[in-house]
Amino acid sequence: MKKILAVIATAAVLFYFAACNKINKADNGQLKIVTTIFPEYDWVREIMGEHAKRADITLLLDNGVDLHSFQPTAKDITKIANADLFIYVGGESDEWVEDALAESVNKNMKVINLLEVMGERAKEEEIVEGMEEGHSHHHHHHHSHDFADSDIQDRTLAEWSGSWQSVYPYVLDGTLDEVMEHKAKEKGDRTAKEYKDYYTTGYKTDVGTINIDGTSIEFVKENMRDKAAYKYSGFYIRTSPSGSRQVRYKFEKTTMGGNAPQYVVFSDHEIAPTTPEHFHLYWGNSSFEPLVNEATNFPTYYPASLSKQEIVDEMIDHDHGHGVEYDEHVWLSLRNAQVLCAAIADALCELDKKNTSTYMANYIAYSEKLALLDREYMTTINTSKRGTLLFGDRFPFRYLVDDYGLHYYAAFSGCSAETEASFKTIAFLAGKVDELDLQSICTIESGDKKIARTIIENSKEKSANIITIDSMQSTTMSDIKKGATYLGIMEQNLEELKAALN
């Protein structure tokens, strides 16, 4: 990242040229470049300049399919496998990329993941007041650290059916040391050893296996099996000292006698019916009260079918995401674009040494254009009458509004798969039109404007205009042949913003 950020400053250009000139001679053949979305494609062309005519540059999303719905064809996979440079967004919509890259026949391929380039600048998806949470194009869990009480649903024991293994032996034998090192690196609040000590206490249990058949739970120790039937007894919302919240589901034994515990409590980071990936289990015989508040010992179980390494991989994946999904629409910020184009220039320099000076000169000129338009956005927004946008649509522009301190309301998040808004959402947004005296309702380029029209119909004045701001998720080669460019679309978006904010 230091090299990428350095080229943004003109003072570092000479150093950058020197670094590139040390790179081994690239293949003199035609460069094969594959991009997933239009902004990547256009940035490559801008940086390559005249050399783009002699390169094989592919835009995968060329049929108007949204990034969140795209699935590659066999032809697409072959294109990627043979590419010299592959550029993709890197969010949840691109989960297919890992398998595609595994098919690569070019071991020297350069790969650019936009979200990785953004690093800490990447923003989490957010739900703002009045927005339909609905369903994402991605797979969502209802993580219990971020929810409204009204969202919590009752659950049955059947959801945890199956055979489950304790991970306590794996923290003892060192299998989970990789997980502890990952936690230490990612979070930085404890050393790997401190994490291991914490989880040695947390995972401790003598119950190695839990078998659940839908109505009963079997506790398997080294030389003992205790089984009993259980009934659902509601849920408990636990708030930690840090303010995070969990939902714990309670079950009480209905079988008379036996050594199985009277009270059992499940916690699996979910708040609605689903099949969990793992769970924490608490049990005892006195009452539910100590179990729903237990914080230091949380025996943890993963499917018995998983190998040790698979559990390690699951833990790292869970810890890395921890319910967080990042807003993928990083290209909708002119400031982000400068950083992302620097990464592209870096890769092209490494692949094609003899044209380094051209690529860097083109990058610097293009970056100056991006910076100039950024200043125009800043001036326009700072002198606008209003400071709030309202979208009767999905909202993929969080990076843009955050750049300039704008507020927003929207029917759906940027990655939502919903197409119908509830009356509650419509009423809320119509109320905001009235409260803020908004003269325009925004939509994105692929929307049918139905929700925007309904919002207007439910407002007092019923006179707001509908404007379209282009998120560049539907731009095709046909549009490119007609002259569509990233800068051109962002310039048009500025004109639309002027109308929306005045």
Tell me if the centroids of the rings in Tyr404 and Tyr377 come within less than 6.0 Å of each other. yes

Please identify which of these residues, Phe428, Phe395, Phe391, meets the ring-ring contact (aromatic ring centres under 6.0 Å, His included) condition with Tyr409. Phe428

Restricting to pairs with a member in residues 374-389, which pass salt bridge (charged side-chain N to carboxylate O under 4.0 Å, His left out), not counting sequence neighbours? Arg335-Asp374, Arg386-Asp437

Glu496 and Thr468: side chain donor to acceptor below 3.5 Å: no

Given the rule in the ring pair (Phe, Tyr, Trp, His ring centres under 6.0 Å) test, do Tyr88 and Phe86 qualify, once you have shown the distances and angles that lead to the verdict? CA-CA 7 Å; Tyr88 69 109; Phe86 175 52; 5.3 Å; yes

Not counting sequence neighbours, list each pair that qualifies as a salt bridge (charged side-chain N to carboxylate O under 4.0 Å, His left out) and has a residue in residues 191-206. Asp177-Lys196, Lys193-Asp197, Asp206-Lys221

Between Phe251 and Tyr232, what is the ring plane arrangement, given parallel below 30°, perpendicular above 60°, and tilted in between? tilted

Partners of Tyr263 by side chain to side chain contact (heavy atoms under 4.5 Å, CB included), sequence neighbours excluded? Glu252, Phe288, Leu291

With a 4.5 Å limit on heavy-atom distance, are the side chains of Phe397 and His329 in contact? no

Without placing hydrogens or testing angles, list every side-chain donor-acceptor pair under 3.5 Å for residues 224-231, not counting sequence neighbours.
{"residue": "Arg225", "atom": "NH1", "partner": "Glu218", "partner atom": "OE1", "Å": "3.3"}
{"residue": "Arg225", "atom": "NH1", "partner": "Glu218", "partner atom": "OE2", "Å": "3.4"}
{"residue": "Tyr230", "atom": "OH", "partner": "Pro261", "partner atom": "O", "Å": "2.6"}

Can you measure from CG (Leu436) to NE2 (His407) and round to the nearest 0.5 angstrom? 10.0 Å

Kindly indicate whether a cation-pi arrangement holds for Arg248 with Tyr282, taking the cut-offs as under 6.0 Å to the six-membered ring centre and within 45° of the axis. yes

Examine distances only and state if a side-chain atom of Glu40 and a backbone atom of Ile37 form a donor-acceptor pair shorter than 3.5 Å. yes

On the ring face of Tyr195, is Arg190 found with NZ or CZ under 6.0 Å from the centre and within 45° of the axis? yes

Please evaluate residues Ser161 and Glu159 with respect to the criterion side-chain hydrogen bond (donor to acceptor under 3.5 Å, both in side chains), reporting the C-alpha separation (whole Å), side-chain torsions for both, the decisive distance (0.1 Å), and the verdict. CA-CA 6 Å; Ser161 289; Glu159 291 170 40; over 6 Å; no

Partner set under salt bridge (charged side-chain N to carboxylate O under 4.0 Å, His left out) for Asp99, not counting sequence neighbours: none

Minimum side-chain heavy-atom gap Leu332-Arg398 below 4.5 Å: no

Side chains of His280 and Ser267: is there a donor and an acceptor less than 3.5 Å apart? no

Verify, without hydrogens or angle tests, whether Thr274 (side chain) and Pro276 (backbone) share a donor-acceptor contact under 3.5 angstrom. no

Can you tell if the side chain of Asn259 reaches within under 4.5 Å of the side chain of Phe219, non-hydrogen atoms only? no

With a 4.5 Å heavy-atom cut-off, do Trp160 and Arg155 have their side chains touching? yes

Apply ring pair (Phe, Tyr, Trp, His ring centres under 6.0 Å) to the pair Phe279 and Tyr301, showing each step before the final yes or no. CA-CA 6 Å; Phe279 60 82; Tyr301 295 85; 5.7 Å; yes

Do Gln473 and Ser471 have a side chain donor and acceptor closer than 3.5 Å? yes

Is the shortest side-chain heavy-atom distance between Tyr199 and Lys183 below 4.5 Å? yes

Between Tyr399 and Asp327, is there a side-chain donor-acceptor contact under 3.5 Å, judged purely by atom types and distance? no

Partner residues of Asp154 under the salt bridge (charged side-chain N to carboxylate O under 4.0 Å, His left out) criterion, sequence neighbours left out: none

Examine distances only and state if a side-chain atom of Asp470 and a backbone atom of Ile489 form a donor-acceptor pair shorter than 3.5 Å. no

Check the side chains of Asn211 and Trp164 for a donor-acceptor pair under 3.5 angstrom, ignoring hydrogens and angles. no

Is it the case that the side chain of Asp479 and the backbone of Thr476 share a donor-acceptor pair, with hydrogens and angles ignored and the cut-off at 3.5 Å? yes

So does Phe38 get a backbone contact from the side chain of Asp42, meaning a donor-acceptor N/O pair under 3.5 Å? no

Please answer whether the main-chain N or O of Pro72 pairs with a side-chain N or O of Asp76 as donor and acceptor at a distance below 3.5 Å. no

Is it the case that Ser216 and Asp213 place a side-chain donor and acceptor less than 3.5 Å from each other? yes

